[in-house]
Amino acid sequence: MSGITILSSNRSLEATFVSMYGKDLAIRRVWSNQWRDPGEMTLDACAADPELLIIGSDLSADMARFVVWEVDRRFRGVTTVVLVHDVDIDHTMDLLRLGARDVQLEDPSLDRFKANLDPVIQLARDRHTQSKEPESGELRRRVITTLSPKGGTGKTTVSTNLAVGLARRMPNQVLLLDLDLQFGDCSTALGLRPEHSLLNAVKSTSFDRTALKVFLAQHESGLLVLAPPDDLVAADNISPDDLKQTISALAEEFPFVIIDTAAGIDSAAIAAMEIATDFLFVSTTDIPSIRAIQRQMTALDTIGFASQHRSLVINRANARVGLSAADVENSLGLEAKFQIPSNRLIPVSTNEGVPAVMKDKGNLSRKFDEIARHFAPPSEQSPGRSLLRNLNFSRPGSRAARNVGGRQDA
């Protein structure tokens with residue numbers, strides 16, 4: 001299950017749900033004192049694609065009604081339950097008409113509270129599953145976060161080549177987001193010199209997803225890229241809350257988002273993992289790399305990131321260092337669906353700013369294409385019919401994107 005998201009300032013409510021469902025479901029509470037409007041609150045609440053959204057009784061009646069309506073309009077696979085202190089028939093009927101599945105009292109009896117919620121959770125599971133089954137010719141939305149706690153494994157190489165491979169099939173529908181805020185070099189690997197950066201996006205006065213597109217750089221393959229700022233000090237000014245809102249908004253704009261993260265687990269990586277549908281682990285055939293991923297996966301299980309699909313890429317898979325791909329699989333408990341051979345062309349392509357998937361016409365390019373085909377099978381590749389044409393999340397009066405490209409750090 002994708003789990004339960006709780007929209008509330010009440011920490012004890014989160015503890016109650018953990019005690020009831022924490023062994024089986026991922027529980028996530030969302031709250032911020034920096035939200036500028038209810039629309040942003042809604043995006044944050046649904047960032048992790050929950051099956052069940054619990055709206056706490058601490059939200060005002062007007063706020064609860066707005067969020068219920070927005071979730072029902074934008075996120076049809078999310079089931080909403082509103083908690084209240086007192087029963088008000090008119091308020092309850094309003095919430096149900098706007099799309100809430102149920103309105104419940106915050107019952108002090110855990111057994112009774114859980115008995116009332118159990119059937120709703122089962123309904124939420126079925127509804128969420130059905131919503132993920134794509135209609136004919138429609139793309140599934142994927143947010144793929146590449147992870148590798150050790151540096152030097154080739155994670156950025158995998159991210160950029162996967163993103164370009166997808167973009168060549170579906171131009172202007174794929175975003176590459178570089179969240180290595182200190183030393184990200186995706187744009188360098190792609191031969192881009194962006195004028196705008198992630199800092200501009202998070203400092204914009206609107207988190208409207210269409211307006212944010214003006215800060216993206218465009219690659220010749222049709223890939224859109226958002227890079228970190230060049231100024232290391234400026235990168236420290238990007239708050240986790242602003243970053244999460246920006247990622248949430250952009251993930252609603254593009255059917256495919258590839259997020260390249262820094263080594264380890266920092267606040268930016270956590271923001272990326274919260275919204276991810278897929279984790280793509282990148283390992284080499286050496287013991288430090290394998291052990292680091294083992295520890296990372298254990299940490300992800302502990303903090304509740306267990307619902308995302310997990311895939312493994314072994315980079316430099318043909319390196320003769322005493323460990324085979326099977327050894328890596330056995331150690332991590334993951335099938336190595338993708339194996340990238342060591343090839344001199346990879347560092348050459350990085351230095352030239354031309355991705356290997358575009359530079360090579362042989363086996364290396366085919367290996368990267370295998371990853372792209374896994375996430376976007378040919379039956380789902382529909383460049384002439386974008387899912388986005390059927391969605392309109394922009395708020396009235398928002399600033400429309402007139403161009404794409406450039407980098408000008410604030």
Side-chain angles (χ1 to χ4, degrees), residues 134 139-150 152-171 173-180 185-186 189-190 219 221-225 251 254-261 272-273 276-285 289-290 293 296-297 308-319 325-326 328-329 332-343 345-347 349-350 354-383:
L139 295 173
R140 287 188 298 164
R141 193 177 297 280
R142 307 292 285 268
V143 180
I144 305 159
T145 298
T146 55
L147 300 168
S148 182
K150 295 286 288 184
T153 59
K155 177 172 52 57
T156 296
T157 297
V158 171
S159 296
T160 52
N161 281 278
L162 167 59
V164 169
L166 289 170
R168 292 171 78 185
R169 294 165 169 79
M170 294 161 288
Q173 298 186 64
V174 182
L175 170 68
L176 174 61
L177 180 56
D178 190 344
L179 285 192
D180 185 346
D185 53 7
C186 287
L190 293 168
H219 187 257
S221 64
L223 173 68
L224 285 305
V225 181
F254 294 92
F256 287 87
V257 178
I258 314 301
I259 304 179
D260 191 38
T261 58
M273 289 187 286
T277 61
D278 298 82
F279 291 155
L280 187 60
F281 294 95
V282 181
S283 178
T284 49
T285 54
S289 176
I290 296 168
I293 290 181
Q296 187 176 45
M297 289 197 299
Q308 291 81 1
H309 298 288
R310 299 184 180 187
S311 302
L312 174 64
V313 177
I314 299 182
N315 194 26
R316 299 190 283 275
N318 57 344
V328 179
E329 289 178 325
L332 297 178
L334 275 179
E335 176 189 359
K337 294 180 180 178
F338 317 110
Q339 299 184 33
I340 307 298
S342 180
N343 191 309
L345 184 61
I346 291 178
S349 68
T350 300
V354 180
V357 74
M358 296 180 68
K359 189 176 180 66
D360 179 63
K361 303 300 181 183
N363 182 56
L364 182 61
S365 179
R366 286 194 295 271
K367 291 294 184 180
F368 284 118
D369 272 333
E370 286 178 9
I371 310 177
R373 286 198 302 272
H374 170 77
F375 290 108
S379 62
E380 293 188 20
Q381 296 168 19
S382 179

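Note that the coordinates shown come from a computational prediction; the quantities given were computed from them, not determined experimentally.
Judged by distance alone, the side chain of Asp360 and the main-chain N or O of Ala356 form no donor-acceptor pair under 3.5 Å. The backbone N or O of Glu329 lies less than 3.5 Å from no partner atom in the side chain of Glu335, so there is not a single donor-acceptor pair. The closest donor-acceptor contact from the side chain of Gln339 to the backbone of Ala317 lies at 3.5 Å or more, if one exists at all. Formation of a donor-acceptor pair under 3.5 Å by the Ser221 side chain with backbone atoms of Arg168 is not found in this model. For Thr261 (side chain) and Thr146 (main-chain N/O), a donor-acceptor pair under 3.5 Å exists by modelled atom type. Proximity of a side-chain donor or acceptor of Asn315 to a complementary backbone N or O of Ser283 within less than 3.5 Å is not detected. Between the side chain of Ser148 and the main chain of Val282, a donor-acceptor pair closer than 3.5 Å is present. No donor-acceptor pair under 3.5 Å is formed between the side chain of Asp260 and the backbone N or O of Thr160.
A salt bridge links Arg169 to Asp369: one of the charged nitrogens lies within less than 4.0 Å of a carboxylate oxygen.
Across every non-hydrogen atom of Ala276 and Gln308, the tightest pair is O-CG, 3.1 Å. Scanning both residues, Asp178 and Cys186, for their nearest heavy atoms gives OD2-N, 3.1 Å. Of all heavy-atom pairs between Leu176 and Ala163, the closest is CB-CB, 4.1 Å. The minimum heavy-atom distance between Lys361 and Arg366, with the atom names listed, is O-NH1, 4.3 Å. Nearest heavy-atom pair, Pro355 versus Ser349, reported as atom, atom and distance to 0.1 Å: C-CB, 4.2 Å. Summarising the geometry of Ser365 relative to Val357, their closest heavy-atom pair is OG-O, 3.2 Å, with the distance given to 0.1 Å.
Between Arg142 and Val257, the closest side-chain pair of non-hydrogen atoms is not below 4.5 Å. You'll find the side chain of Ile290 reaches within 4.5 Å of the side chain of Leu332, heavy atoms only. Proximity of Phe375 to Asp278: side-chain heavy atoms (C-beta onward) are separated by under 4.5 Å at one or more points.
A centroid separation of less than 6.0 Å is found between the aromatic rings of Phe338 and His374.
Results of the side chain to side chain contact (heavy atoms under 4.5 Å, CB included) test with Phe281 over Ile314, Leu147, Thr145 single out Leu147 as the only residue that passes. None of Ile144, Leu177, Leu175, Val158 except one satisfies the side chain to side chain contact (heavy atoms under 4.5 Å, CB included) rule with Ile258; the exception is Ile144.
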